[in-house]
There are 2 protein chains.
Amino acid sequence: MGTTQLETVPEPKYWHLKTVLSEALDTDFAVGEILPNERDLAARFGVARATLRQALEQLELEGRLQRRRGVGTTVAPPRVGVDVSASRSDWPGADQHAWQPTECTVAVPPAAVAAHLGTEPDERTHVVRRVRKGHDQPVAAELLYVPAASVPALPAIDAPSGPALARGVLRELARLEPEGQDRAVELGSAGAVDAKELDRLPGAPVLVVTTRYFAGGRTAAVSVATYRADTCRLTFGAQGDLEISHEEQRRAS
Amino acid sequence: MGTTQLETVPEPKYWHLKTVLSEALDTDFAVGEILPNERDLAARFGVARATLRQALEQLELEGRLQRRRGVGTTVAPPRVGVDVSASRSDWPGADQHAWQPTECTVAVPPAAVAAHLGTEPDERTHVVRRVRKGHDQPVAAELLYVPAASVPALPAIDAPSGPALARGVLRELARLEPEGQDRAVELGSAGAVDAKELDRLPGAPVLVVTTRYFAGGRTAAVSVATYRADTCRLTFGAQGDLEISHEEQRRAS
DNA sequence: GAGTGGTCTAGACCACACG
DNA sequence: GTGTGGTCTAGACCACTCA
């Protein structure tokens, strides 16, 4: 006898809240719609604001919500599929439409990047900053490290300069004969600069894509690109894109 | 005259804390070492425990720390590179060493998965649960949806069954002639089951890898695999692995 | 049982967007 | 100015691990 169900797992409040909210989003809200503010929501559910926020954070991490200070919390659109497959012609400089150079400096790359490039630990390289846009929104911010050896025709100019020089570096890079590339994806958090470029707050979750470009038997360039984890889904399509995100899979289940 | 530097950006405390802690980790701590407990750390830095925790959360998200209830906070080892490139022979059933089947059921897949598979919305498929291990640790939990049409030799058994039947399904799958695959990566949070399988708390950040396997002009199977985002770095190597993680790049800079 | 991280509360003030 | 989300505090209790 006794209880029909052993209450073995007292679910945390924020977890239960997240579930309830998630279902409400599916049924009662449209994409772009504004939710009630956090204080109201917390009161409505009878929890402290911090607890409510913990649930909202989870939902934002899953790409369901978008929160903007001074504005409010809105229902996020489904994640955008972004092609990052190596089979495409995405050798730096080839896809001028997607990536937009913003700056070009000469600096000493992080030691590990230098190791990839085969440059001396204190050797300076060109550093091109680029932004990738999609559907009006910035989706990724990139630092592209290009050693002088890869672009011998260019002088190493000390002073930071604009998109013009950046395009020059990319143009020179495009002359090389691509021999392949390497890619790795991991979770990270946006630094101050990247955050500004991605229109997010510092610390926002990002997918860090590190790419090595090979040419002439060497590593011709290394790219460290940070994609907005809240709005992006990285696709490595061999036979076309995955049209439906995990997010939508979950909703539909 | 006046201040030499306009204090334009009052950095949040937790952000500054994170930076300080990060540097301390680099210089004063070894991998696996236990940090002082949260109450002590908070007191030492003169902040509330919640603020200290916000900094620790960030560092955990970046794979620098590992926190375990009842135990303490330890310095995490560098992330493990996990190969998820499509070029490998990772057709389900081929790589028995990495993936370990734990269960096999018959169930109706989520609608979106059904759409990928081309099955009816209410049509049941085999569902194989697998776990991927690496260096003693579980790194990924997977649900593999296999429609009956892909494994015609097998009867659809209603009752859930163990690894034995799962291996049977995989064996049948391996008979098919692979025609390619599709892959997408996005950020998610672990559900209750996945969390248990990955030895993490529910809600832990994961990298969700959705794969479509093609054979016989159809989608033969769909896999939804969740990788531990804190400990894993997904590699798509065309010319070998990236040996050095973003993490280490940052440390070395 | 002692010590750890995980959850939760009820406040407060700040930075930002918008009218 | 008003309202929003972002940060921060100083507590409390709970769930878990381990000796």
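Sequence lines set the chain letters: A, B, ... in the order given, protein chains first and strands last, and positions in each chain run from 1. Note that the structure is a prediction, hence the values are computed from the model and not measured.
Considering every non-hydrogen atom in both B:Trp15 and A:Ala192, the closest pair reads CZ2-N, 4.5 Å. Annotation for A:Asp194 and A:Ala141: closest pair OD1-CB, 3.7 Å, computed over non-hydrogen atoms.
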> Base, backbone or nothing for each nucleotide of nucleotides 13-18 of chain D, written B, S, -, heavy atoms under 4.0 angstrom, 5' to 3'?
Replying inline: B-BBB-
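Of the charged side-chain nitrogens involved, at least one lies within less than 4.0 Å of a carboxylate oxygen, so that B:Glu38 and B:Arg53 count as a salt-bridged pair.
Rounded to whole Å, the distance from CD on A:Gln58 to P on C:dG6 is 13 Å. In this structure, B:His16 places its NE2 atom 16 Å from P of D:dT7, rounding to the nearest Å. The CD-P distance, from B:Glu38 to C:dT4, rounds to 10 Å in whole Å. To the nearest angstrom, P of C:dG5 lies 13 Å from CG of B:Leu201. Nucleotide C:dG6 holds its P atom 12 Å from the CG atom of B:Asn37, rounded to whole Å. Rounded to an integer number of Å, the gap from A:Phe45 CZ to C:dC8 P is 14 Å. Between A:Glu11 atom CD and C:dT7 atom P the separation is 12 Å, expressed in whole Å. Protein atom CG of B:Leu52 is 12 Å distant from nucleotide atom P of D:dC8, rounded to whole Å.
Taking 4.0 angstrom as the limit, A:Arg53 places a side-chain polar atom (N or O) nearer than this to OP1 or OP2 of D:dG6. Side-chain N/O atoms of A:Thr73 include one lying less than 4.0 angstrom from OP1 or OP2 on D:dG5. Distances shown here put a side-chain N or O of B:Thr51 below 4.0 Å from the OP1 or OP2 atom of D:dT9.
Which of C:dT9, D:dG6, D:dT7 sits closest to the side chain of A:Lys13 comes down to C:dT9. Listed candidates were C:dG6, D:dG6, C:dA10. Nearest to the side chain of A:Ala48 is C:dA10.
Looking only at side-chain heavy atoms (C-beta outward), B:Cys104 and B:Arg167 stay at 4.5 Å or farther from each other.
Within the nucleic acid shown, A:Leu56 has no heavy atom closer than 4.0 Å to any nucleic acid atom.
With 3.5 Å as the limit, one finds a donor-acceptor pair spanning the side chains of B:Thr211 and B:Arg183.
When the options A:Glu103, A:Glu197, A:Gln100 are evaluated for a side chain to side chain donor-acceptor pair (under 3.5 Å) with A:Arg129, the one that passes is A:Glu197.
The distance from atom NZ of B:Lys18 to atom OG of A:Ser189, rounded to the nearest 0.5 Å, is 3.5 Å.
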